[in-house]
Amino acid sequence: MGELRLESLALGYGAQPVVQDLTFSVADGEMMALLGPSGAGKTTILRAVAGFVRPRAGRILIDGRPVDHLPPERRAVVMVFQKALLFPFLDVAANIGFGLKMQGLDAGAIRRRVAAVMELTGLAGLGRRKVHEISGGQQQRAALARALVLQPAVLLLDEPLSSLDANLRQQMREFVQQIQAETRVTTLFVTHDQSEALMMSHRVSLLLDGRLRQTGTPRQLFYRPADPAVARFFGGENFFHGRIENGRLVTAFGSFRAPEAPGNGHRPLATIRPEDVRLDLENGDGAVTGEVTRTRFEGLATRVWLRCADTTVVALTPESRWTVGQRLAVVFPPERVRIFPEPPEKRRESLV
Amino acid sequence: MSRRHPKALAAGIVLSVGLPFLPLVLWSLSERWFFPGLWPQQWGLRAWQHVLDAAGGQVASGLLQSTLLAAVTAAVSLVIGVPAGRALGLYAFGGKTLAAVLVTLPLIVPPLSVAMGLHLWFIRLGLAETFAGVVLVHLTVCLPYTVFVMWGVFANYDPDFEDQARCLGASEWAVAWGVTLPLVWPGIVVAGLFSFLLSWSQYLSTLIIGGGRVLTLPILLFALMGSGDRPVAAAVSLVFVAPAFLVLLVSARYLGRRGLMGVR
């Protein structure tokens, strides 16, 4: 049980601000990914929630109650670090039971709860092993078990999978997701890997340059980015300015239907993801046309660069039949064109 | 080579460490041993009888005094050196280099000048010729080593272990006792042992500050050697080496089994 809420949180080390004006909530039972490039301040946020970093401003609430004044051991928040950090002087079972022992539970109760959580995390039978006698994946699972056994209000995961190799990481993603679904523990997990964030979490909060840019479901962030920076983070390309005329976006290289378009006279920035751009042999039917300038085979798809008037359009297509020099029709499916809302001051200008 | 011939290696170590002690053993068991004899002309237990019987009380009290002094010095050295090593190993702070130089200084300055300089102060402070005064002068030698050993231990120490324990519900005290201590324990054993043995073998500083009132084993040893009785000096030397040797042996076994755990 636990709802985590951060209100106008500001964090920093010394004179260096790391995160500013951070407000978001993680609902009870929700798994939220805190996504951002390395150095965005994600880990600092987790450390603040856990109580290791004192916020410069703002509040942290768990189930509506501020916890800022509480020391880490009394917050009912458990963090799982990047490294498993199993205590080498204890065996696996004693590691998992560490928190319960700190709570003063009797040996029998500890044994029962440790056995149950080891069953849940697939570690049954490894309790007497020394920490270095189990594999890296098992160590990460033991670290997770050590946190879960305490039934924390909020579980914090600090890139716990980044130290594992690719295959194991994929298994562990599914494992963590499944465990979270079973235990319904409120989870905030930090990652710099966008696909990990998208596939594992109910909602994603994207942090760029010390600010929260957007919070939403994976689909919302991917298909309806709040601003160009969010779109770029998720691999967005093809940004172009245009003018709205009767529900069409008129650009330097052609015009196309845009259902999201605001009223006439607006000059918004628009984008379309490379994989949404459709290429076809020229049909001369008023469509945008472009000349292929470069192609790059990327396995599942081929990336094609096209010159449309003075603008370069990038398309990512499963077909690999296009060659440099070809003239193609470039189709932007209207429902895939994202038109960014203009900042207020800019909109005023364009209306004048 | 050591993997293929573990026994040969062990024998080599035992020989190279043990061989220098052989003349001491021979001397302590000799009655008459003149040049150019390779062996004593006459064997006997006179030296041992003297050490264990006639001078037995003196030797026993010297042994006790040395042990007590070394133990207290090692303990104080750890109480100061462990936090200091932690600060140097884990944190960046202004004047860190200066602190390191100051810690090393007593090792660079000749021990005689350290002891003589301190002697004047200790007389004024009433510490001369006291047990506490000798502990303090021994600390000038032991503390640098303790700080350096613990500095190294904490430089390779992962403080995230402590945060991990905190959020698992351990108080600051529980973390210090139940997490930090076991993680750096092998380092503490090494540093404590260093201090113990350094204090154990102090002669000059004990003589100057203790002024003949604090009679440790080395003080006795020098007195006996000065008398020119080689067999007796050899026997006392063996008595002197035995406890230190024992401590080393036990700790080597202990450390070999456990290794350094808190190290990343």
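Chain identifiers are assigned alphabetically (A, B, ...) following the order of the sequence lines, protein sequences preceding nucleic acid strands; residue numbering begins at 1 within each chain. Note that this is a predicted model, so its numbers are computed, not measured. Excluded from the calculations below are hydrogen atoms, water molecules and symmetry mates; all remaining heavy atoms, backbone and side chain alike, are included.
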Does this structure show an ion pair linking [X] with [Y], if we count only N-O contacts that are shorter than 4.0 Å?
X: R86(B); Y: E162(B); value: yes
X: D158(B); Y: K83(A); value: yes
X: D160(B); Y: R166(B); value: no

Flag, side chain of R75(A) to backbone of V49(A), donor-acceptor distance under 3.5 Å =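 Answer holds: yes.
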
Side chain, backbone, both or neither: which part of [X] has an atom under 4.5 Å from a heavy atom of chain B?
X: R47(A); answer: side chain
X: L85(A); answer: both
X: F87(A); answer: both
X: V77(A); answer: backbone
X: F52(A); answer: side chain
X: L156(A); answer: neither

ask   = Picking from A76(A), A143(A), G51(A), P72(A), which has the most non-hydrogen pairs under 4.5 angstrom with chain B?
value =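 Looking at each of A76(A), A143(A), G51(A), P72(A) in turn, P72(A) comes out on top.
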
key: Side chain / backbone / both / neither for A174(B) at chain A, heavy atoms under 4.5 Å   =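 For A174(B), side-chain heavy atoms alone lie under 4.5 Å from chain A.
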
inquiry  = Report which part of V179(B) has an atom under 4.5 Å of a heavy atom belonging to chain A: side chain, backbone, both, or neither.
reply    =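 V179(B) touches chain A through backbone and side-chain heavy atoms alike.
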
Check: [X]/[Y] side-chain N/O donor and acceptor closer than 3.5 Å:
X: E159(A); Y: T191(A); result: no
X: S195(B); Y: T146(B); result: yes
X: Q202(B); Y: S205(B); result: yes

